[in-house]
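Right, one structure below, let's go through it.
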Protein chains: 2
Amino acid sequence: MRMRRLWRARRRSPPLMLLALCAASTSALAADSPAAPAGSLKTMADVLAASKPSDWRALDPENTLYMELASGRVVIELAPRFAPKHVLTIRALAREHYYDGLVIERVQDDYVAQWGDPDDSRSTGTVPRSLAAEFSRSSDGLDFARLPDPDTYAPETGFVDGFPAARDPASHLAWLTHCYAMVGAGRDNDANSGGGRELYAVIGQAPRSLDRNVTLLGRVVQGIELLSSLPRGSGPLGFYAHPSERIPIRSIRVAADVPEAQRARLEVLRTDTQTFTDLIESRRNRREAWFKVQADRIDVCNVPLPVRSAPAGDGS
Amino acid sequence: MRMRRLWRARRRSPPLMLLALCAASTSALAADSPAAPAGSLKTMADVLAASKPSDWRALDPENTLYMELASGRVVIELAPRFAPKHVLTIRALAREHYYDGLVIERVQDDYVAQWGDPDDSRSTGTVPRSLAAEFSRSSDGLDFARLPDPDTYAPETGFVDGFPAARDPASHLAWLTHCYAMVGAGRDNDANSGGGRELYAVIGQAPRSLDRNVTLLGRVVQGIELLSSLPRGSGPLGFYAHPSERIPIRSIRVAADVPEAQRARLEVLRTDTQTFTDLIESRRNRREAWFKVQADRIDVCNVPLPVRSAPAGDGS
């Protein structure tokens, strides 16, 4: 479906051999997987069309940042359950207008876009300049929607509060995973040298080796393409070689501080719902006619996390 | 290292508890992994600095395409061992100048950039308009440099001829994997409706559910950022809503047909070498001072595939 071309190709007699071989291989892969649950023939479009209003939650304005660029608004949902001190600090920095007039200074292809103060000279006022790392937390008490499939990097992966995450039953730790559009706090070599003055978003293949090496604190829920389509920096690590190339940040605001009429009224699909479980299944095994071979698997960073405009009349 | 900021943060006393917990977790993850081989303290920079000329191979001009855009050249290495018929056909189309003046018509964020003929009206001359799918092939006789780590989607992953690939020992099949910068042949719902008139490159998180559903036939070895930084299309599936938004393709040429002085003299690191094995280890466990927790794992789509300009004097 997603790869479907707009044009129709002429039909030819299909040589079936390769497809038959592929099907055999799929069966082999699927042998140790659970049987498909009832209702698994639904596509993601079917699942979303059947969703109930209670499957969605409005973004909490206190946990939402708007980064305003000349090209538009990037909406970031913060993750206080994983990075409570970083969230407090970034909220405070935004409220001091710390970020206003700073820049996107680094866009490294297949990796990250990063923003902050290239000179590191701006005062943070009363806000601490760095924070203890929040690389992981106890998994106790977390509602962890676990994926059934193996992951290269972690014993278990899944979702907490709409964020992709991993969990280690042995150590009882959980952490956010570096999937596309996740936002973290850049740091120097000292693990505790971050804190939110420098932030980055993932714009490429999930750099999972960063997991538990950087504090992840949120996710871009709208506008990631404003970052991912920026020109790549030609300097080392994708930093812009010349200051004139940097992209100005007009402001970063906590949504709660923005007049209601100017807020993005967004809802995200709750990940603790049957609807989300159904969505995962619809992506583990793609039922669109285009697909010939089912993966019967999914990586935590390949699961879509749907966002929509709040339906009209749903005042909140 | 890669995330290192340009500025130095002030030092604070590091609270060690979180780091200690992380270290414990890493040990748990690493329990069933082989001991680190000798020499594993090398970074990727160390590995590449120690590489020998014979660790590199020049691109074969017959297996190299240049896509010329106003913004520069995209260099694609073709994979005839996995998609021999598609490679023959695309080479023939390039030699008929089929692609010249066509367009990049689709850029879907975190997915693909796709190019071809939006009207599907251009003649292919004597070249067939569609081809039998080449989704997988026999794994017999392939020099498969296997990764030691588990993969979500395939029984085994690794590298063949410099391309990321997967292998299923049960069915004796191998196939290329949809990693960042891989190039495939778009198709309609009919598995055999592709053939090379529409091509795409991956510009986001590896869409591995496409593996064995589309014919992959090559990889962008230079210039992927010319595709990944394009504006995203606002139409369905990321197609440009208005024809004026499409990006013109000046030409696509087989490198062998381009005067030698105008060729990109590139070399790729051979993946059947000890140097590449060392490089993998340098990325499974990052030795740069910045990293606090070692993954001791790597995903096939996270392994860098180095490309360099041929050293001066290395005429070929």
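Each chain gets a letter, A, B and so on, in the order its sequence line appears, and its residues count up from 1.
Note that CG of B:D110 is 9.5 Å distant from CD of A:Q205, once rounded to the nearest 0.5 Å. Note that CD of A:E225 and CD of B:Q108 are 11.5 Å apart. Values are rounded to the nearest 0.5 Å. We find the CG-CG distance between B:D299 and A:D299 to be 7.0 Å, quoted to the nearest 0.5 Å.
Of all non-hydrogen atoms in A:R187 and B:W290, the two that sit nearest each other are NH2-O, 2.7 Å. B:S209 and A:R286 get closest at one heavy-atom pair: OG-NH1, 4.0 Å. Nearest approach of A:S229 to B:R232, heavy atoms of both residues: CB-NH1, 3.6 Å.
The candidate with the highest count of non-hydrogen atom pairs below 4.5 Å against chain A, out of B:P231, B:C179, B:P150, B:P236, is B:P150. No other option in A:N213, A:D211, A:D151, A:V107 has as many heavy-atom pairs under 4.5 Å with chain B as A:N213. Put simply, of A:G238, A:C301, A:G184, A:G116, the one with the most heavy-atom pairs under 4.5 Å next to chain B is A:C301.
Among the candidates B:D149, B:V300, B:N302, B:T157, the single residue satisfying the side-chain contact (heavy atoms from CB on, under 4.5 Å) test with A:T152 is B:D149.
Contact annotation for A:I298: both backbone and side-chain heavy atoms come within less than 4.5 Å of a heavy atom of chain B.
When side chains are defined from C-beta on, A:F291 counts as touching B:L210, because their heavy atoms get closer than 4.5 Å.
In this structure, A:K292 contributes its side chain and B:V214 its backbone to no donor-acceptor pair below 3.5 Å.
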